[in-house]
Amino acid sequence: MRATLYLFLFFLIFSCSRKDEAPQKKPPNILLIVADDLGYTDLGSFGGNIETPNLDQLSAEGIRFSRFHTAPFCAVTRAMLLTGNYSHVAGMGSQDLVSDVPGYEGKLSDRVIPIPALLQEAGYHTYIAGKWHLGLTEEANPANKGFENSFVTLEGGANHYSSRGIFPETPESIFTENGVETNWPEGAYSTDLYTDKLLEYISSNLDDQQPFFAFATFTSPHWPLQVDEKYWKKYQGKFDAGYEQLRADRLESLKEAGMIPSNSQLPPLHPAIKPWNSLSAEEQKIEARKMELYAGMVDNLDENIGRLFCFLKEKGAYENTLIIFMTDNGAAGEDFFYSEYFGPFLKGLYTDEYSQMGKENSFISYGPQWAEAGSSPFYLYKGFTSEGGMVAPLIISGSAVSVKGKIHDSFLSVMDIAPTIYDLAGITYPDQFQEKAVQKPVGESILPILKNEKSEAHDSTYVFALEHRGYAMLRKGKWKLLNLKTPFERENFGLYDLENDLIEQNDLKNTFPEKYLELLKDWDTWSKKVGVQTPTPQPKK
C-alpha cells in the first residue's frame, strides 16, 4: 500500500513539473512586404501575365483581397499603414511637404504610435529594409521609430544600382543603416540587397525565441525601370500588341481569376494617351521595351520574395509567421524624365536611349499608357483618389489564416493592417506614448476574417475618406464621393454607386440628392476632425 502511494505521488509530481515546464507557444512572427507602384493586375493570381510563382503560391495558401484600398501616393499610404490612422493625423497630409501646420509635418507625428514601437515593447525584434519615405531628419529615421535594425533609402525613390540621385534636391541618394548615413554597396541591385539585409537581420536573433516583425519595403517596380537582362529578356515580344490590348486582356483575365464581376467594363482611355496604332514602329518598339523592363522587375521581386519564404521554411519559422503582401498605391503614371521640374536635372545624369534602357545610367518610366493597363479595370492610376489610384493587391497567408485560396471582396483599407497586427500579437493600444496623448487607430482588425469567423470588417455606416492636394474621396457602404478637380471646391464632388459602377463614370448626385447631402455632411465632419487644410499649406521656409 505504501509503495503504491509513493508511486502515485511520484507520477503526480512528475506530471505537474512537466506541465509547468512545457514550452509556451512562441508568438507569431510578422512579415510585411510592400511593393512600390505595383499595378493591381500585375500578379498572376490577380490576372496578370508576369511570372510571379511565389506570390501566386502565397495566394493559394491564403486570402486575396480584391477591394483593398490604399492612399493614392506612397508616403501617405506608408503613414497610414504604420499607424492605422488617417494620413493627416499621422503627419503626412501631403506627400513630400514639410510644414509647421499640424497634419502636414512630412513625417510621422507624435499623435500616433508606429507599429514597430509597440511591437518592440511587446518583445518583438523589429527590422526594416527598403524605402522609408517618412521623413529625412534624424528624429524621423526608422531607428527612432521602433526599428531595431534598418537599412533604408530615406526618399521616395532611388536608382536601383547606385546612389546616383533621381531628385534635384539630392543629387546623391541618402541611405542610412541603423540611423547612420551609409554608402550604397557597389554593384548591388536594390531588391537583392534589401532582401539580403532583411535575411541578415532576421538571422541575427532567430534562435532567441523572441518573435520578429520584418518590414520588406521594396522599391520595385518603382521608376527608374532598371533590371538585369536575364529578367526582362524573358518578356521580349510579350507586349508588342500594345497597352490598349494589354488593358483589355487583363480585364478578361481578372474576370477569369474571379477578382471582378463578369459584367465589368473598362473606363474610357485617358485622352492624353496616344492610341497604339498611331505610334510609329520605332515608338512601339520603345514602348514595348518599357513594359518588358517593368515585367522583369516584377519577376525579380517575386524571386526575392521567394528567397524570404525559403529561408523561413528552412529555419522552421514559416508556419508561425503571418505574411502580408501589398502594394502602396495604384500603378504609376508619372514620367519625371520629361517633366518641367525634374527633367533638366535627370537629363544631366541619365539617358533614355533605347540601347541603354534598363541599365544603371538610364531613366525610364512606363507612363500613364501602361499604368492604365496595370490599373484595369479601374479609373485612372496613382495620384488620383479614383479607384484606379487607390485599389491595390493584398494577400495574407500563414499563421492565423484558416482558409486557403479564398477571394475576399468587401471593402478594406490600409488602416486595417495595424489593428490586425496588434490583435494577433495581443497588444492593447495605449492612451499615451512617451508621456504624450495619442490617437487610437481608426481601422478595424481583420483577424476574424482571416480566421473565417466574420465576412466583413466594416458595416454600411463606416466612413473612409482621404484628401491629398485637393483630390478627395469619401466612401460609405457602396457610395462614394469623388473629386478630381483642383483647387478643391466642395461642390465638385460627384456621387458614385460602386456596387453598380465600378469604373466611376455615372455621377448620381442629382439622382440621389439626399444621399449626396448625407455624404457631404460626413465629409465636413471628417475633414474637420482630421485637420484637412484647403488649399494645401505652404512648405516650411
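- Between Tyr422 and Tyr429, the angle of the ring planes lies from 30° to 60°, which puts this pair in the tilted group.
- Between the side chains of His408 and Glu456, not a single donor N or O lies within less than 3.5 Å of an accepting N or O.
- To the nearest 0.5 angstrom, Ile166 atom CD1 is 11.0 Å from Leu349 atom CG.
- A distance-only check finds no donor-acceptor pair linking the side chain of Thr321 to the backbone of Ile323 [under 3.5 Å].
- Ring geometry, Tyr194 versus Phe151: the interplanar angle falls from 30° to 60°, so the pair is classed tilted.
- The closest side-chain donor-acceptor pair between Ser162 and Glu360 falls under 3.5 angstrom.
- Side-chain N/O atoms of Tyr381 and Asp37 include no donor and acceptor closer than 3.5 Å.
- A donor atom on one side chain and an acceptor atom on the other are not found under 3.5 Å apart for Asn300 and Tyr189.
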Requested in this report: Please step through side-chain contact (heavy atoms from CB on, under 4.5 Å) for the pair Ile50 and Asp302, ending with a clear verdict.
Outcome: CA-CA 10 Å; Ile50 302 172; Asp302 183 82; over 6 Å; no
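- Remark: side-chain polar atoms of Thr126 are paired, donor with acceptor, to backbone N or O of Gly146 under 3.5 angstrom.
- More than 12 heavy atoms of other residues, nucleotides or ligands lie within 6.0 Å of CD in Gln210, so this atom counts as buried by the packing criterion.
- Atom CD1 of Ile446 is separated from atom CG of Leu394 by 6.0 Å, given to the nearest 0.5 angstrom.
- The two atoms that bring Asn29 and Ala317 nearest to each other are ND2-O, 3.9 Å, heavy atoms only.
- Using a distance-only test at 3.5 Å, with no hydrogens or angles considered, no donor-acceptor pair links the side chain of Gln226 to the main chain of Gly358.
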Requested in this report: Go through the steps for Arg289 and Gln236 under the test side-chain contact (heavy atoms from CB on, under 4.5 Å), then give the verdict.
Outcome: CA-CA 8 Å; Arg289 176 59 49 83; Gln236 276 189 294; 3.5 Å; yes
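- In this structure, Thr52 contributes its side chain and Gly44 its backbone to a donor-acceptor pair below 3.5 Å.
- When ring centroids are compared, Phe337 and Tyr350 stay outside the 6.0 Å threshold.
- A side-chain donor-acceptor contact under 3.5 Å links Asn141 to the backbone of Ala143.
- Under 3.5 Å, the side chains of Asn304 and Asp192 contain a donor-acceptor pair of N or O atoms.
- Judged by distance alone, the side chains of Tyr462 and Glu444 never bring a donor and an acceptor atom under 3.5 Å apart.
- Between Asn49 and Asp249, the closest side-chain pair of non-hydrogen atoms is not below 4.5 Å.
- In this structure, His458 and Phe411 have tilted ring planes: the angle between them lies in the 30° to 60° band.
- When side chains are defined from C-beta on, His125 does not count as touching Leu119, because their heavy atoms never get closer than 4.5 Å.
- Without hydrogens or angle criteria, Trp184 side chain to Ala188 main chain gives a donor-acceptor distance under 3.5 Å.
- Of the possible polar contacts, none joining the Trp370 side chain to the Leu246 backbone as a donor-acceptor pair under 3.5 Å is found.
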Please report, to 0.1 Å, the donor-acceptor pairs under 3.5 Å made by any side chain of residues 211-221, with sequence neighbours excluded.
{"unit_1": "Thr217", "atom_1": "OG1", "unit_2": "Arg78", "atom_2": "NH1", "d": "2.6"}
{"unit_1": "Thr217", "atom_1": "OG1", "unit_2": "Lys131", "atom_2": "O", "d": "3.0"}
{"unit_1": "Ser220", "atom_1": "OG", "unit_2": "Met297", "atom_2": "O", "d": "3.4"}

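- Nearest heavy atom pair, residue Pro72 against residue Lys382, reads O-CG, 3.4 Å.
- Put simply, the side chain of Ser413 never gets that close to the backbone of His69: no donor and acceptor are under 3.5 Å apart.
- Here the straight-line distance linking atom CD1 of Ile63 with atom CD1 of Ile449 works out to 7.5 Å at 0.5 Å rounding.
- More than 12 heavy-atom neighbours from other residues, nucleotides or ligands sit within 6.0 angstrom of CD on Glu453.
- Of the possible donor and acceptor atoms, none in the side chain of Ser365 sits under 3.5 Å from a partner among the backbone N and O of Asp335.
- Proximity of Trp232 to Leu225: side-chain heavy atoms (C-beta onward) are nowhere separated by under 4.5 Å.
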Requested in this report: List the steps and the verdict of side-chain contact (heavy atoms from CB on, under 4.5 Å) for Tyr201 and Phe147.
Outcome: CA-CA 11 Å; Tyr201 296 154; Phe147 284 104; over 6 Å; no
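- In this structure a side-chain-to-backbone donor-acceptor pair under 3.5 Å is missing from His468 to Thr385.
- Judged by distance alone, the side chains of Ser376 and Arg250 never bring a donor and an acceptor atom under 3.5 Å apart.
- Enclosure of atom CD in Glu138 is not indicated, since only 12 or fewer non-hydrogen atoms of other residues, nucleotides or ligands lie within 6.0 angstrom.
- Within the 4.5 Å cutoff, the side chain of Lys238 has no heavy atoms near those of the Met291 side chain.
- Separation of atoms CD1 (Ile396) and CZ (Phe68) is listed at 8.0 Å; rounding is to 0.5 Å.
- Of the inter-residue distances, the one linking Leu251 atom CG with Glu256 atom CD reads 10.0 Å to the nearest 0.5 angstrom.
- Within 6.0 Å of atom NZ in Lys315, 12 or fewer heavy atoms from other residues, nucleotides or ligands are found, so the atom counts as exposed in its surroundings.
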**Report entry** Check against side chain to side chain donor-acceptor pair (under 3.5 Å), Thr70 and Asn329
**Finding:** CA-CA 6 Å; Thr70 63; Asn329 42 242; over 6 Å; no
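- The shortest heavy-atom contact between Leu38 and Thr327 is N-OG1, 3.1 Å.
- Ring orientation note: the planes of Phe167 and Phe336 are nearly perpendicular, at an angle over 60° on the 30°/60° scale.
- What you find for Ser445 and Asp423 is that their closest heavy atoms are OG-OD2, 2.7 Å.
- Cation-pi geometry between Lys313 and Tyr318 is satisfied (NZ or CZ under 6.0 Å from the ring centre, within 45° of the ring normal).
- Summarising the geometry of Pro27 relative to Tyr124, their closest heavy-atom pair is CB-OH, 3.9 Å, with the distance given to 0.1 Å.
- Taking each heavy atom of Thr170 and Ile174 in turn, the nearest pair found is CG2-CD1, 3.9 Å.
- Using a 4.5 Å heavy-atom threshold, the side chains of Val227 and His160 count as separate.
- Side-chain contact between Leu134 and Met92 is present, with heavy atoms from C-beta onward closer than 4.5 Å.
- No side-chain heavy atom of Arg64 sits under 4.5 Å from any side-chain heavy atom of Leu55.
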Query - Asn361/Arg164 under side-chain contact (heavy atoms from CB on, under 4.5 Å): CA gap, chis, key distance, verdict - result: CA-CA 9 Å; Asn361 65 328; Arg164 189 194 303 245; 4.0 Å; yes
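- Here the CZ-CE distance, from Phe73 to Met390, works out to 11.5 Å after rounding to the nearest 0.5 Å.
- Side-chain contact between Phe309 and Gln57 is absent, with no heavy-atom pair separated by less than 4.5 Å.
- By the 6.0 Å contact criterion, CD on Gln356 is enclosed, its count of non-hydrogen atoms from other residues, nucleotides or ligands being greater than 12.
- Side-chain contact of Asp42 with Tyr294: a donor-acceptor pair under 3.5 Å is present, judged by distance alone.
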